[in-house]
There are 2 protein chains.
Amino acid sequence: MEIMTNSEENYIKGIYHLSQGGQHSIATSALAEKMDTKPSSVTDMIKRLSEKELLHYKKYQGVRLTEKGTAQALRVIRKHRLWEVFLVDKLGFAWDEVHDIAEQLEHIESEMLVDRLDALLNFPDFDPHGDPIPDKNGRFKTREKKLLSAMLPGSSGICVGVKDSSSQFLKFLDKHQIELGKPIEILELESFDRSMHIKIGDRKLQISHQIAANLYVKPKPE
Amino acid sequence: MEIMTNSEENYIKGIYHLSQGGQHSIATSALAEKMDTKPSSVTDMIKRLSEKELLHYKKYQGVRLTEKGTAQALRVIRKHRLWEVFLVDKLGFAWDEVHDIAEQLEHIESEMLVDRLDALLNFPDFDPHGDPIPDKNGRFKTREKKLLSAMLPGSSGICVGVKDSSSQFLKFLDKHQIELGKPIEILELESFDRSMHIKIGDRKLQISHQIAANLYVKPKPE
DNA sequence: ATAAAAATTTAGACAAATCTAAAAATATGT
DNA sequence: ACATATTTTTAGATTTGTCTAAATTTTTAT
């Protein structure tokens with residue numbers, strides 16, 4: 001494990017996320033936009049990261065993470081998502097309030113800290129946004145998509161129950177005005193791994209993947 | 001609340017701690033030693049901090065924190081000590097393992113996070129080293145020193161019981177080989193606010209102030 | 001195929017935080 | 001009091017990460 005600055009870690013993470021889009025290599029300009037900075041700054045940074053062998057870089061050809069770079073990205077993402085679970089489960093933050101804080105916490109370096117945090121949180125497989133949390137070895141659990149695929153856009157008139165009936169979860173549903181047993185309509189799935197828009201009665205709202213994962217689909221009552 | 005770099009916060013904290021020694025002003029060289037850097041670097045930094053009105057500075061006269069600087073120091077110290085409690089109480093670290101991690105966590109900025117962490121930990125008054133934790137307003141609880149003063153060096157043959165009988169605490173004692181009801185001898189009190197060396201039978205060991213505070217002194221059994 | 005457009009890199013500058021070496025100010029000893 | 005020693009500051013350089021503006025390379029369109 002390399003010594004890396006926060007900024008370097010953020011770039012590596014940014015490249016990782018862009019790579020999930022399926023592209024073979026990531027363009028300087030795409031990365032500049034993602035990192036909210038100028039292409040010239042990106043060029044400087046990727047030269048440094050290339051020297052550290054965290055990515056492959058040939059002038060004008062864009063970049064691709066090396067094994068080492070990917071492993072580093074996964075470590076940072078693991079930390080980010082574990083901290084998000086901590087903030088929601090242990091400190092009672094809402095799932096849409098935790099990103100900026102996790103953005104800071106993800107750079108804390110101590111493998112022991114991460115492992116113990118993981119244990120404290122009962123080795124969660126998904127973060128509060130529904131994104132999978134890589135394990136110590138960088139492996140993801142693939143979510144059973146049954147539930148959500150039954151809730152594809154247009155499938156109106158389905159009805160929800162809950163899998164997790166903790167008072168915390170129920171309070172959460174209440175806060176987001178989701179009532180059990182009422183018919184819902186899926187408006188759109190913004191991105192499978194992010195959030196979805198649903199319609200309940202005449203209210204439209206956005207729910208996270210995690211919430212969705214803890215709801216199950218029931219046939220519409222007669 | 002000012003936007004400050006980690007480095008600036010560390011200097012402010014360093015000055016605060018040196019000021020606790022009772023000096024009216026802190027010398028450049030003393031601060032350089034504390035911060036493990038060169039006097040010329042300190043001069044540069046204190047100029048910056050002086051411009052931000054975090055400290056009073058006149059050339060060749062040393063520095064003294066302003067109200068604003070003191071408040072900032074206390075906020076960082078509060079965060080540091082709360083995170084130490086978290087690491088020990090929630091993640092099971094030993095009290096002597098947490099300093100470096102807390103040194104990183106103390107710079108995370110989110111007032112809400114700190115307040116919720118404080119609540120999660122049940123508003124602790126002291127950290128695992130026995131140092132007091134400033135509250136939201138920067139005020140310290142003064143520890144009742146009765147217990148420890150009864151355990152001054154030389155007072156051999158006293159005997160301990162516990163105030164906190166949680167299984168966590170008892171496991172902690174066990175780990176540190178402290179058995180209840182057995183006579184102990186105090187060897188030395190390294191610094192009242194840090195730790196003490198005790199002798200139990202023929203084992204010498206170092207215990208933290210926090211542990212000491214949860215033990216009480218009983219007369220030696222006949 | 002080649003000119004125009006778009007993307008990328010280079011060059012030079014800046015701010016933060018550090019360093020070394022030299023200069024200036026303060027403190028000390030007799 | 002005055003020379004010497006110590007402390008502190010300044011001057012100039014370095015690294016990281018950023019910027020703007022100019023130069024270069026690649027892509028696109030006719």
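Remember, predicted model here, so these are calculated numbers, not experimental data. In what follows, every chain begins at residue 1, and chains take the letters A, B, ... in the order their sequences are listed.
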Whole Å only: how far is the CG atom of B:L49 from the C1' atom of C:dA17? 12 Å
What is the distance from NZ of A:K38 to C1' of C:dA13, rounded to the nearest Å? 16 Å
In terms of ring plane angle, is the pair B:W83 and A:F86 parallel, tilted or perpendicular, where the classes change at 30° and 60°? tilted
Determine, for B:R78 against B:D127, whether the closest basic-nitrogen to carboxylate-oxygen distance falls under 4.0 angstrom. no
Summary of protein contacts for nucleotides 4-17 of chain D, nucleotide by nucleotide, where a base hit scores B, a sugar-phosphate-only hit scores S (4.0 Å, heavy atoms): ----BBB------B
With a 4.0 Å cut-off on N to O distance, would you call B:K52 and B:E8 a salt bridge? yes
Under 3.5 Å, is there a donor-acceptor pair linking the side chains of B:E109 and A:Q104? no
Are any of the side-chain nitrogens in B:E106 or B:K13 under 4.0 Å away from the carboxylate oxygens of its partner? yes
